[in-house]
K.L.:
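I'd like to ask some things about the structure below.
Since this is a predicted model, take the numbers as computed values, not measurements. Each chain gets a letter, A, B and so on, in the order the sequences are listed, and its residues count up from 1.
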Protein chains: 2
Amino acid sequence: MNSELSPVAERRDATLKEVAAEAGVSRATVSLVLRQSPLVAAATRERVESAILTVGYVYNRGAARLRTGTSGTIGLIVPEITNPFYAELTAGIDEVLDVEGRLTYLATSNDRPERQERFIRRIREQGVDGIILSAAEGSSPWLLRQLREWRVPVVQILRSIAGIDADFVSPDFSRGTWAAIDHLVAAGHRHIALMPSAKNTSAARERIDTFLSALRHHGLGPGMVTPGASSRSEAADRIGETLISASPPSAVLCHNDLLALGVIAELRRRGMTPGRDLSVIGFDDIPEAASSVPALTTVATLPVEVGIQAARLLLRRIAMPDGAPERILIAPRLILRET
Amino acid sequence: MNSELSPVAERRDATLKEVAAEAGVSRATVSLVLRQSPLVAAATRERVESAILTVGYVYNRGAARLRTGTSGTIGLIVPEITNPFYAELTAGIDEVLDVEGRLTYLATSNDRPERQERFIRRIREQGVDGIILSAAEGSSPWLLRQLREWRVPVVQILRSIAGIDADFVSPDFSRGTWAAIDHLVAAGHRHIALMPSAKNTSAARERIDTFLSALRHHGLGPGMVTPGASSRSEAADRIGETLISASPPSAVLCHNDLLALGVIAELRRRGMTPGRDLSVIGFDDIPEAASSVPALTTVATLPVEVGIQAARLLLRRIAMPDGAPERILIAPRLILRET
DNA sequence: AACGTATTTTAGATCGATCTAAATTCTGTC
DNA sequence: GACAGAATTTAGATCGATCTAAAATACGTT
């Protein structure tokens, strides 16, 4: 290298002012061109547009936000992005926002409320136009009230914080649970167990309640709920304990596919055949469900669709902050495979 | 409800000015308090801090960026978030940025360069401080040169655009490939195939080149490279075609675990035993690899670690824009299971 | 050519923070 | 109590856009 101290060029992006100078018009005119205003004459517009290219202009959205109050961004908070369900959901959201020209801030809360609140504070500082929230386990209802007071549009997904009538998009877990139980009962099962999530969320509680009602409706006793699990291996342990109990079930409905796959693995380890010795049904229909051996029977919850609907609802809410809250439930589909 | 037209309160967030009024000091002083300046007297600081709470102040980072030129955000571009590898990588990045107090814009390019460029333009308008990029297939080298000219710090991950000496973090695919081939050769295999990705990326080409060199090194002919695949089912088709060829291989190394799982599924469908009739090795060690039946032998590429290193490197680069480019390769681990 | 109307363009204030340079207040000393 | 020097506080300009209200220009009639 030649110059030892080569001073950083410190080239800042070109601004409106430079474009205006290049095109020989005022800043206000350039601004009008940028916003596609019909006010400006065709010839002027062309001159400005080529000036924009020659000076390499970059729109400064932060500066614009100062006046317009909108940033073109939204925040997405999920418990964990490594869960395939949330990954697909994120893809659905991204699809909608991309065509709308908006950007997404992503954060994973790891189900820790304080991390979630930290993130919310930060995106508020950035001036997000709205938030899609799958609340961390243990989030306080106070949080949602706070957000409402701040007038930040929020759409909740999958999990809803109790006691507040807010926008909400989710698979219809209740309907999915009914479908699974009806199917098992029709197949002759009389002793059915539920393996719930170890997490105490609205989505988990809803499934337990529905499970119990469905069994009662079919006249099948109080119903057996195993201890909760939150990973494959925990699910394997739980099903192991359950199988040696006094009256083991002939079918088990699991909170999600990961747990169901854990159950299957344990059955095979014990030389049992999933689908014959114990029927297993999961929730979600993650890619692995179709390709596992044996293939998993499951309730598909269509995460991409949930994401798309959530994004669309948020956009509507941003446009109409005082409209009535909506509740959108995506109908799940029972997918019969081998277990 | 009582008031039919309840006019939207249009309550904007409180600003520095209001805090200043409440605390009886100037805006400048409040600003100093916010930035933890040692200049301000303890008593004043306290007064300001309580004023901040009582008026419900929200820092406006957009306004600050106008003066400071930094936004506290970075952009992350991945081909697809639904790939478990990228999901874990994202989690690693998120972990680092959370403790650093920064926010992440997430976008998925779906391997479409125009979508990728659209996203880059948008985050530039927002003034991102840096970008972590896993370039879409077919990205032009021009893009990276452009970014450099714009002086946006960029760290590439996994895939690197040719011809430019830039910051790069990736699993050491070459080393992983050697480890897998050495293992197969030591196990007695003489006819080894590679099933590459259908995508033409640097990561794919590197694996093919290394595979060929490794075989040559072991004196095992030119080496057999099957047509590429990019999904489980494509992998199944490809391996089907390969098995009926004149001299079928006794082992196959796959571009990633998803392809390897597709291969295994096809073998089972044909009544063959993976690991005996055909050895199969994947790349990545996604969660499913450990739990599939039979469990998949694979080269673990430690996505979380890659994410963490990439985030740290980007932060270093933002702090020192003109430092020498770094290349960080994460050593993979061969995990022997049943295939 | 003069006039009224319609079309374009612009000057200057503004959004909410930071920065600079200067003003103010506080200390300790004599 | 006056003064130098340190510690604290502040007025006002500034970042890059948008907005308002007014100015400049063009156009069609008579």
K.L.:
Within this structure, what is the CZ-to-P distance between B:R45 and D:dA7, rounded to whole angstrom?
P.N.:
15 Å
K.L.:
Categorize A:T29 for me: base, sugar-phosphate, or nothing, with a 4.0 angstrom heavy-atom threshold over every strand shown.
P.N.:
base
K.L.:
Under a 4.0 Å N-O cut-off, is there an ion pair linking B:D167 with B:R316?
P.N.:
no
K.L.:
Rounded to the nearest angstrom, tell me the gap between atom CD in A:E125 and atom C1' in C:dA17.
P.N.:
12 Å
K.L.:
Salt-bridged, A:R151 to A:D322, with N to O below 4.0 Å?
P.N.:
yes
K.L.:
Taking B:G127's backbone N and O only, do any of them form a donor-acceptor pair with B:S71's side chain (distance below 3.5 Å, no angle check)?
P.N.:
yes
K.L.:
Look at the side chain of B:N60 and decide which nucleotide, out of D:dG16, C:dG16, D:dT9, has an atom nearest to it.
P.N.:
C:dG16
K.L.:
CG of A:L39 versus C1' of D:dA22: gap in Å, rounded?
P.N.:
14 Å
K.L.:
Taking for each residue the nucleotide of DNA chain D bearing the nearest heavy atom, is the 5' side occupied by B:A63 or by B:L32?
P.N.:
B:L32
K.L.:
Return yes if a side-chain donor-acceptor contact under 3.5 Å exists between B:T73 and B:Q126, otherwise no.
P.N.:
no
K.L.:
Over how many whole Å does the gap from A:L66 atom CG to D:dC15 atom P extend?
P.N.:
14 Å
K.L.:
Could you check how far CD of A:E18 sits from P of D:dC15, rounded to whole Å?
P.N.:
11 Å
K.L.:
With side chains defined as the heavy atoms from C-beta onward, is the minimum distance between B:D94 and A:I81 less than 4.5 Å?
P.N.:
no
K.L.:
Separation of A:K17 atom NZ from D:dC15 atom P, in whole Å?
P.N.:
6 Å
K.L.:
Between atom CZ in B:R124 and atom P in D:dA17, what is the gap in whole Å?
P.N.:
12 Å
K.L.:
Quick test of your reading of the model: are B:R112 and A:D98 salt-bridged, counting only N-O distances below 4.0 Å?
P.N.:
no
K.L.:
Taking C-beta and beyond as the side chain, do A:N60 and A:D13 meet within less than 4.5 Å on heavy atoms?
P.N.:
no
K.L.:
Please assess A:R115 against B:E95 for the test salt bridge (charged side-chain N to carboxylate O under 4.0 Å, His left out), listing each intermediate value before the final yes or no.
P.N.:
CA-CA 11 Å; A:R115 179 158 169 169; B:E95 207 56 51; 2.9 Å; yes
K.L.:
If you fit an axis to the five pairs at each end of the helix from C:dA1-D:dT30 to C:dC30-D:dG1, how big is the angle between those two axes, to 10 degrees?
P.N.:
50°
K.L.:
Can you find a heavy atom in the side chain of B:Q309 that is under 4.5 Å from one in the side chain of B:E305?
P.N.:
yes
K.L.:
Report which part of the nucleic acid A:V58 touches: base, sugar-phosphate, or nothing (heavy-atom distance under 4.0 Å, all strands).
P.N.:
sugar-phosphate
K.L.:
Starting the side chain at C-beta, find the nucleotide from C:dT9, C:dA17, D:dC15 nearest to B:A64.
P.N.:
C:dA17
K.L.:
Polar pairs (N or O, both sides) under 3.5 Å between protein and nucleotides 19-21 of chain C?
P.N.:
residue : atom : partner : partner atom : Å
C:dC19  : OP2  : B:R35   : NH1          : 2.6

K.L.:
If I take atom CG in residue A:L16 and atom C1' in nucleotide D:dT14, what distance separates them, rounded to the nearest angstrom?
P.N.:
16 Å
